Amino acid sequence: MPYEKVKVYFDGSHYIAIPQGEGKSPGKGGFHGNENDEMRTAFEKAYKGAKAKRRKEKVTEIVAELKPKFENEEQAAEYVKAEMERIQRNLIVRRKRLVRKINLGNWNYFCTFTYDNQKHTEDSFKAKLRDCFKKMCHRRNWIYIGVWERSPNTNRLHFHGLFNIPENEMVGELTEHRDYSTKNHRMQTTLQNSYFTERFGRNDFEPINRHELPNATTYLMKYIEKSGERIVYSKNTPAYFVSDILDDDVVCTIGQEDRKLLLFDNFICFDDGVYVGEVSPEVIKQMPKKN
């Protein structure tokens, strides 16, 4: 087999393969090795405090706050520049991981769960909702990707996520509710789940298909970029599947130094040399996965 056990992901239009040993790059920049943990903590605190400001104002404020810890302002500015670059690189990595995990999944609902102070504290809301998702994944094979977010107007905590809920594995009853949307300033009809309403409060289950994924991806991306929150994944949410690839199924090499392979849309999947079938959601489900 010309290419054995390669990682394959879907970029929204094409399947891309990364042969073994490729796709990794060394870290860049920053103060590594002997970096002072106290300095990193101070930077993170200053960055969080200036998060809402424009980049130029943010840098100026952080440099001013950290300047007493350095010999001069130039050293402080150099450190802040390196840390800002680190944050940007991390964000790019998170974007790639998010997009690849979303594109490889079979999502059927975009869900929102809203904190209700009549039922929980914020801490208990987050803890119990996470525990609920964990049980649904274990007992009913749910898969999800999501992010915590606060409403810009009310500061109320929400969880937004894409969910793959297998047929006959939905809990509770989905019922239509009609109310006024303060965001869109008009009446709206939503689907709410009785199981989550009883335990957590307001929730919205919006059916979604593959054609709507780009908008959902942009929606989630907006929150991780705006709030700095980390994306929450269920354990069984891979970014890649693993397959042997035939030479005839490679269109061309692409990417930096031609390290990746652009595959034909109907390439054949092999698991450790054993034929599985032409690529499809059903075939991908049978293939080994990798994060």
Side-chain angles (χ1 to χ4, degrees), residues 10 12 94-95 97-116 119-120 125-151 156-179 181-184 186-224 227 229-239 241 280-282 284-285 289 291:
F10 187 63
R94 289 162 66 192
R95 283 175 181 164
R97 187 183 301 121
L98 171 64
V99 170
R100 291 175 185 179
K101 284 178 178 286
I102 287 178
N103 286 335
L104 203 60
N106 296 310
W107 314 103
N108 51 7
Y109 287 96
F110 187 90
C111 302
T112 298
F113 304 87
T114 302
Y115 165 62
D116 184 342
K119 294 181 179 292
H120 290 281
F125 174 68
K126 292 185 75 170
K128 291 185 180 295
L129 191 60
R130 280 196 298 255
D131 185 61
C132 181
F133 292 159
K134 183 178 179 180
K135 289 176 180 175
M136 294 302 166
C137 293
H138 178 68
R139 298 172 182 174
R140 294 178 173 269
N141 297 316
W142 287 26
I143 300 173
Y144 71 91
I145 291 177
V147 65
W148 296 98
E149 176 265 346
R150 289 186 181 277
S151 169
R156 187 169 291 275
L157 187 65
H158 298 75
F159 181 85
H160 303 279
L162 282 165
F163 285 74
N164 178 340
I165 302 175
E167 189 175 359
N168 300 322
E169 295 297 344
M170 178 69 77
V171 294
E173 296 290 333
L174 292 179
T175 57
E176 286 190 355
H177 287 256
R178 188 160 175 79
D179 57 15
S181 170
T182 56
K183 178 181 178 181
N184 298 319
R186 58 182 173 80
M187 296 298 293
Q188 63 179 3
T189 301
T190 61
L191 283 177
Q192 296 189 35
N193 183 295
S194 59
Y195 179 92
F196 289 94
T197 300
E198 179 183 342
R199 289 162 178 79
F200 299 99
R202 173 63 186 261
N203 61 87
D204 299 281
F205 278 63
E206 179 182 349
I208 192 170
N209 58 47
R210 179 161 289 277
H211 299 297
E212 296 168 309
L213 278 183
N215 287 338
T217 303
T218 301
Y219 199 72
L220 292 180
M221 198 82 70
K222 176 183 71 175
Y223 289 122
I224 67 172
S227 66
E229 287 281 352
R230 293 187 177 277
I231 289 288
V232 181
Y233 304 106
S234 51
K235 288 184 177 180
N236 51 348
T237 314
F241 66 94
S280 68
E282 293 72 25
I284 291 173
K285 191 179 296 185
K289 306 299 192 300
N291 287 313

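Please read all numbers here as calculations on a predicted model, not as lab measurements. Hydrogens, waters and symmetry mates are skipped; everything else that's a heavy atom, side chains included, is used.
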Give, for atom [atom1] of [X] and atom [atom2] of [Y], the distance between the pair rounded to the nearest 0.5 Å.
X: Ile143; Y: Thr237; atom1: CD1; atom2: OG1; answer: 6.0 Å
X: Leu191; Y: Tyr109; atom1: CG; atom2: OH; answer: 7.0 Å
X: Ile231; Y: Ile102; atom1: CD1; atom2: CD1; answer: 7.0 Å
X: Asn103; Y: Thr217; atom1: CG; atom2: OG1; answer: 6.0 Å
X: Phe113; Y: Gln192; atom1: CZ; atom2: CD; answer: 11.0 Å
X: Lys128; Y: Lys134; atom1: NZ; atom2: NZ; answer: 14.0 Å

Passes side chain to side chain contact (heavy atoms under 4.5 Å, CB included), Phe110 versus Glu212? Steps please.
CA-CA 10 Å; Phe110 187 90; Glu212 296 168 309; over 6 Å; no

Got a sec: does the NE2 of His138 have more than 12 other heavy atoms crowding it under 6.0 Å?
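No.
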
Using atom types as modelled and distance alone, determine if a side-chain donor or acceptor of [X] lies under 3.5 Å from a backbone N or O of [Y].
X: Lys119; Y: Tyr115; result: no
X: Thr190; Y: Asp204; result: no
X: Lys289; Y: Ile284; result: yes

Check the pair Ile208, Phe163 against side chain to side chain contact (heavy atoms under 4.5 Å, CB included), reporting the backbone distance first and the verdict last.
CA-CA 9 Å; Ile208 192 170; Phe163 285 74; over 6 Å; no

For the residue pair Leu104 and Pro238, establish whether any side-chain heavy-atom pair is separated by less than 4.5 Å.
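Leu104 vs Pro238: side chains touch.
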
How about Ser151 and Thr114: do any of their side-chain heavy atoms sit closer than 4.5 Å?
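No; the side chains remain at least 4.5 Å from each other.
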
According to the interplanar angle, ranging from 0 to 90°, do the rings of Phe159 and Trp148 count as parallel (below 30°), tilted (30 to 60°) or perpendicular (above 60°)?
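Perpendicular: the ring planes of Phe159 and Trp148 meet at over 60°.
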
Should the pair Tyr144 and Phe133 be assigned to parallel (<30°), tilted (30 to 60°) or perpendicular (>60°) ring geometry?
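Answer is tilted, since the angle falls between 30° and 60°.
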
Out of Asn209, Leu213, Ile165, which residue meets the side chain to side chain contact (heavy atoms under 4.5 Å, CB included) rule with Trp107?
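Exactly one pass, corresponding to Leu213.
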
Give the intermediate values and the outcome of side chain to side chain contact (heavy atoms under 4.5 Å, CB included) for residues Val99 and Met221.
CA-CA 9 Å; Val99 170; Met221 198 82 70; 3.8 Å; yes

Aromatic ring proximity, centroids under 6.0 angstrom, Phe200 and His120:
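Under 6.0 Å, so yes.
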
Heavy-atom closest pair, residues [X] and [Y]:
X: His160; Y: Tyr219; answer: ND1-CE2, 4.0 Å
X: Cys132; Y: Phe196; answer: SG-CE2, 3.6 Å
X: Tyr195; Y: Asn193; answer: N-OD1, 2.8 Å
X: Leu174; Y: Met170; answer: CD1-CE, 3.8 Å
X: Lys101; Y: Ile145; answer: CB-CD1, 3.6 Å
X: Pro166; Y: Asn164; answer: CD-O, 3.5 Å

Could you pull out all residues at least two apart from Glu169 that satisfy salt bridge (charged side-chain N to carboxylate O under 4.0 Å, His left out)?
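Checked Glu169 against salt bridge (charged side-chain N to carboxylate O under 4.0 Å, His left out); matches are Arg140.
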
